[in-house]
Structure formats: C-alpha cells, structure tokens
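Here the structure is laid out as structure tokens; the discussion comes afterwards.
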2 protein chains.
Amino acid sequence: MKTRSYGKYCGLAHALDVVGERWALVLVSDLLRGPKRFTDLQRGQPRIPSNVLSARLKELEDAGVVRRRVLPRPPGGVGYELTEYGRELEDIVLHLGLWGAKSMPDPGPDDVVTADTLLLALRSTFRPEAARELRANYELRVGEIVVHARVDHGVLEADEGPLAATDLVLETDASLHPLLTGELSPTEAIESGTVQVTGKRKLFARFAEVFHIPPMPVELPA
Amino acid sequence: MKTRSYGKYCGLAHALDVVGERWALVLVSDLLRGPKRFTDLQRGQPRIPSNVLSARLKELEDAGVVRRRVLPRPPGGVGYELTEYGRELEDIVLHLGLWGAKSMPDPGPDDVVTADTLLLALRSTFRPEAARELRANYELRVGEIVVHARVDHGVLEADEGPLAATDLVLETDASLHPLLTGELSPTEAIESGTVQVTGKRKLFARFAEVFHIPPMPVELPA
DNA sequence: CTGGATCCCTCACGATACTG
DNA sequence: CAGTATCGTGAGGGATCCAG
C-alpha cells in the first residue's frame with residue numbers, strides 16, 4: 001500500500017515514510033507529555049480534519065509509534081499514547097522545534113497557542129549549562145494558558161497548571177518568543193508593559209538566559 | 001500563499017512548514033556532504049518529478065536553508081548547497097535516520113542505494129564510545145558503490161571513493177543493514193558468503209560494534 | 001548534456017456533514 | 001465522544017518538451 005515511498009533504502013527515507021506525512025510529527029509532539037484523547041488532539045491541532053487525524057493515528061499505530069488504549073475513565077473512552085519507540089523521537093522533536101524557532105515569524109492572526117506549545121518551547125530552549133547555579137520556580141501565564149517551570153540546578157521540570165509556591169510569575173498576552181530570542185530584553189519587556197512580573201524580579205533576567213533561542217547563523221558571502 | 005500552515009505558533013510547526021514538505025528532508029540529507037547540481041539531486045531521488053524538485057529547491061532557498069550558486073565548471077552550471085542554517089539540520093537528520101533504521105524493512109525491489117545513503121548510514125550509526133580504542137581504515141563496496149570510513153580513536157571520517165591504504169575491505173551485493181542491527185553476525189556474514197572481506201579480518205568484528213543500529217525498544221504490556 | 005518548464009492525471013488532503 | 005462518509009481541490013507523480 002505504501003505506493004508513496006521515497007524509493008531509497010535509507011533510514012531517513014523510512015523514518016519519513018513513518019512520521020514524514022503531514023501532521024504526524026506535531027501529533028507526536030503533542031503526545032510527548034502523555035496520553036491524549038481524540039478530541040484533545042483535535043483541540044491541539046485546530047486545522048486538522050477529523051478524518052485525517054483518524055488516518056494518521058492509524059498509520060502511527062501500525063508503525064509502532066502510537067498505541068491506542070482504553071482509558072479507565074470515562075468508561076469506554078479511548079486514548080492515544082506514544083510507544084517507547086515513539087518516545088525516542090522526543091529529542092529530535094525538541095531539536096527540530098528549536099531549529100524552527102530561530103526563523104519563526106511573528107504569530108499570524110489565527111495562530112493558536114496551547115499549553116503543549118508553550119511547554120515544548122520551554123523544554124527545547126532550556127539550557128542546562130546556563131541553569132547550573134539556578135534554583136527557581138517560574139509560573140507562566142500566556143493568555144489563558146498557565147504553565148510552570150521548576151528549574152533546579154540544570155534540571156528542568158515543566159508542566160501544565162499553576163504552582164503553589166512560586167518565585168516569579170510572568171504574565172503576558174503576547175508571545176514569549178521575542179524574550180527567548182533576546183530581541184526583547186527583560187527590562188524592555190517590563191517597561192513596555194508587555195510582560196508583568198510578580199515575585200523575585202531578579203529571576204526574570206535569569207529566565208531569559210536559561211531559556212534561550214540562539215539566533216539564525218549569518219551567511220558569509222562566498 | 002502559505003495556506004497550508006499548521007495554525008500553531010510553535011517552533012516545531014514552523015520547522016515543518018519549512019522542511020516538512022515531502023522530499024525536503026531527503027534533499028537536505030543529500031546536500032549534507034556538499035554542493036550538488038540539479039541532476040545529481042535527481043539521481044539521488046529517482047522518484048522525484050523535476051517540477052517538484054524545482055519547487056522544493058525554490059522553497060528551501062526562500063526559507064534560507066539552501067543557497068543557489070553558479071559553479072565554476074561547467075560554465076553556467078549551477079549548484080545547490082546548504083546554508084549555515086541548513087547545516088544545523090545535520091544532527092537532526094542523522095538522528096532521524098538512525099531512528100528510522102531501527103524499523104526499516106527489507107529493501108524493496110526498486111529501492112536504490114547511493115553513496116550518500118551509505119555514508120549517512122555510517123555517520124548515523126557510528127558510536128564514538130565504542131571506537132575509542134580503534135584506528136582503522138575501512139573500504140566498503142556495496143554493489144557499484146564504493147565508500148570508505150576512517151576511524152581514528154572515536155572520530156569518523158567517511159567519504160566517497162576507494163582508499164589508498166586500507167586495513168579491511170568489505171564487499172557485498174546485499175545490504176549492510178542486517179550487519180548493523182546485529183541480525184547477522186560477522187561470522188555468519190562471511191560463512192554464508194553474503195560479505196567478502198579482504199585484509200585484517202579481526203577488524204570486521206570491530207566494525208559491527210562501532211557501526212551499530214540499536215534494536216527497536218520492546219513494548220511492555222500495560 | 002544540464003536545468004529546468006509544461007501538461008495531465010491521480011490521490012492525499014481539506015472542509016463539511018453525519019452517526020454509533 | 002470518537003470517529004465515518006462524502007466530495008471538492010490542489011499538491012504530487014509521470015512523461016514529455018525546450019532553451020542554453
């Protein structure tokens with residue numbers, strides 16, 4: 001049935017046969033944080049038609065990347081989760097996300113931001129070397145989304161939802177992106193009112209160091 | 001014109017806007033070893049229509065991944081090469097290639113193998129830790145293709161063509177894949193006649209350790 | 001011979017509606 | 001909630017043709 005192969009006997013070509021179809025990798029990335037139901041995946045990918053979602057999940061399941069599973073609650077409900085093999089895509093997804101973030105334009109009017117997006121951004125931009133001395137609990141509120149990031153000496157734990165004891169709360173209606181690239185400095189962000197911070201404000205500067213998107217390399221003329 | 005976006009403000013989604021289209025990543029992988037002409041790229045991707053190749057190259061050029069360049073010879077000839085930004089995909093491509101190799105089925109009757117494929121396989125399966133004590137010059141002949149791999153204490157240099165001074169020459173008409181997964185042991189490979197070796201035969205066993213495709217993880221039942 | 005452009009056909013994708 | 005059914009469109013596949 002794989003009439004649409006690349007015709008090469010090559011690991012990369014086969015990888016793309018499996019996760020190279022449209023939507024496949026973004027679905028994998030949304031599943032990185034744990035099992036999700038069909039409808040959750042739809043919400044994460046607002047533009048995906050349900051039949052295509054259905055087809056992708058079936059293909060990924062056949063390829064051993066995703067596993068379909070009956071959930072305890074609600075009775076009869078089903079969920080999708082990554083297999084071990086699927087989990088091995090985690091680093092690749094994170095690196096590809098960081099690579100893409102370097103050339104990402106400003107958000108379009110219809111672009112949506114989910115908690116998964118935000119958490120992927122935090123995890124892919126996290127620089128353990130820069131966080132070796134840091135211990136801090138951040139809470140981020142971007143629009144309606146609330147996530148948190150616990151940084152503990154080079155180790156990051158990021159998840160959805162608020163935090164009981166926070167060191168610093170960042171709140172914004174805009175995007176974190178200019179902050180992560182350094183296009184917007186923490187001071188500028190506060191002064192312009194783009195970002196409101198509550199808590200130990202000194203930790204804001206550290207935030208921008210610890211979560212960072214390196215610039216696109218410059219081209220040397222030939 | 002980007003009517004075909006993912007609708008998410010997300011680094012990964014944008015990365016896939018850039019290199020997620022069909023053929024894009026395999027083209028990048030073929031360009032990793034240096035500039036190539038239009039026709040070379042066609043030979044590397046036998047199934048790609050010329051109009052699609054043309055379109056992909058233009059898109060990749062617009063995205064800053066590929067650069068079009070006039071070559072000294074032949075006069076008027078053009079070549080395509082990766083930009084610095086494009087080169088940053090190298091690790092991702094190698095890891096994705098290795099990931100795919102774990103679940104790669106046997107070659108189809110029409111699957112082609114090129115030098116690029118082979119070199120990608122060598123580079124992605126190379127395990128520096130396993131090669132720390134090794135210094136060896138391998139020459140590989142797979143069908144018509146000839147490549148070499150110099151291993152020098154954890155560092156690999158792999159390129160096309162034969163080698164003046166070889167320690168071991170491996171020759172086969174089949175694929176290296178079962179050798180790299182361990183499905184076929186070096187001894188079995190020699191005894192069955194699948195692979196012919198010339199030179200220091202002890203280095204054959206080392207070869208299979210140094211270039212290795214780990215198995216697909218086993219699934220634990222829930 | 002390289003580096004494409006052009007045409008046509010097909011199928012995967014996208015939108016919408018509908019069902020167990 | 002978790003999909004299937006239907007149908008239109010456009011990107012991809014394949015062959016051919018053309019300019020430098």
Side-chain angles (χ1 to χ4, degrees), chain A residues 1-8 13 16-27 30-31 35-63 66-81 110, chain B residues 1-8 13 16-27 30-31 35-62 66-81 108 110-112:
Chain A
M1 284 308 68
K2 267 286 158 199
T3 154
R4 209 150 169 271
S5 150
Y6 286 90
K8 287 171 96 173
L16 293 173
D17 279 343
V18 173
V19 293
E21 298 288 305
R22 188 160 171 74
W23 299 109
L25 268 190
V26 288
L27 290 175
D30 261 24
L31 288 173
K36 280 206 164 56
R37 357 177 99 261
F38 193 89
T39 335
D40 298 331
L41 291 168
Q42 277 188 309
R43 262 193 292 276
Q45 280 52 244
R47 299 248 246 268
I48 196 175
S50 60
N51 57 347
V52 174
L53 175 55
S54 200
R56 280 299 157 275
L57 287 171
K58 226 162 289 177
E59 294 162 17
L60 290 173
E61 193 183 349
D62 290 345
V66 158
R67 178 174 29 202
R68 194 174 188 278
R69 205 174 188 181
V70 176
L71 297 180
R73 293 194 330 250
V78 295
Y80 297 89
E81 64 184 359
D110 297 346
Chain B
M1 261 331 34
K2 265 289 158 202
T3 152
R4 209 149 169 272
S5 149
Y6 285 91
K8 287 171 97 173
L16 293 172
D17 279 343
V18 173
V19 294
E21 297 288 305
R22 188 160 171 75
W23 299 110
L25 268 190
V26 288
L27 291 174
D30 263 24
L31 289 173
K36 282 207 162 57
R37 353 175 105 264
F38 192 91
T39 333
D40 297 331
L41 291 168
Q42 275 189 309
R43 263 192 293 275
Q45 284 41 253
R47 298 250 244 269
I48 196 175
S50 63
N51 57 347
V52 175
L53 175 54
S54 203
R56 280 299 158 275
L57 288 172
K58 227 162 290 180
E59 294 162 15
L60 290 173
E61 195 183 349
D62 288 346
V66 158
R67 179 174 26 203
R68 194 174 189 275
R69 204 174 191 182
V70 178
L71 296 179
R73 291 192 336 239
V78 296
Y80 298 88
E81 66 184 358
D110 296 346
D111 286 351
V112 312

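Taking the side chain as every heavy atom from C-beta outward, B/Trp23 and B/Val52 approach each other to under 4.5 Å. Looking only at side-chain heavy atoms (C-beta outward), B/Pro35 and B/Arg67 stay at 4.5 Å or farther from each other. For the pair A/Val78 and A/Leu71, the minimum side-chain heavy-atom distance is 4.5 Å or more. Between A/Ile48 and A/Leu41 there is no side-chain heavy-atom pair separated by less than 4.5 Å.
Just one residue in the list B/Lys36, B/Arg43, B/Arg37 forms a side chain to side chain donor-acceptor pair (under 3.5 Å) with B/Asp40, and that residue is B/Arg43.
In this structure, A/Trp23 does not reach the C/dC13 phosphate: none of its side-chain N or O atoms is under 4.0 Å from OP1 or OP2. A sub-4.0 Å separation between OP1 or OP2 of D/dT4 and a side-chain N or O of A/Ser54 is present. When the side-chain nitrogen and oxygen atoms of A/Arg56 are compared with OP1 and OP2 of C/dC13, one or more of them lie within a distance under 4.0 Å. Taking only side-chain nitrogens and oxygens, A/Tyr6 never comes nearer than 4.0 Å to OP1 or OP2 of D/dG13. An OP1 or OP2 oxygen of D/dG3 is reached within less than 4.0 angstrom by a side-chain nitrogen or oxygen of A/Arg68.
Looking at A/Arg68 and A/Glu61, no side-chain N of the basic residue comes within less than 4.0 Å of a carboxylate O on the acidic one, giving no salt bridge. Under the 4.0 Å criterion applied to side-chain N and carboxylate O atoms, B/Lys8 and A/Asp30 are assigned as salt-bridge partners.
Rounding to the nearest 0.5 angstrom, the gap separating the CD atom in B/Gln45 from the CZ atom in B/Arg56 is 12.5 Å. With rounding to the nearest 0.5 Å, the separation of CD in B/Glu21 from CG in B/Leu27 is 12.0 Å.
The listed nucleotides are D/dG12, D/dT4, C/dA12; the one nearest the side chain of A/Glu21 is C/dA12. Which of C/dG4, D/dA2, D/dG13 sits closest to the side chain of B/Arg22 comes down to D/dG13. Of all nucleotides listed (C/dG3, C/dC13, D/dC1), D/dC1 comes nearest to the side chain of A/Arg37. Among the nucleotides D/dG12, C/dG4, D/dG3, the one closest to the side chain of B/Val52 is D/dG12.
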5' to 3', nucleotides 15-20 of chain D under a 4.0 Å protein heavy-atom cut-off (B base, S sugar-phosphate only, - none) gives ------

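For the pair A/Gln42 CD and D/dG3 C1', the interatomic distance rounds to 8 Å; values are reported in whole Å. D/dG12 atom P lies 15 Å from atom CD of B/Gln45, rounded to whole Å. One can place NZ of B/Lys36 at 16 Å from P of C/dG4, the figure rounded to the nearest angstrom. Look at NZ on B/Lys58: it is 14 Å from P on D/dG12, rounded to the nearest Å.
For DNA chain D, the stems formed by at least three consecutive Watson-Crick or G-U pairs, with both atom-pair distances below 3.5 Å, span C:1-20 with D:1-20.
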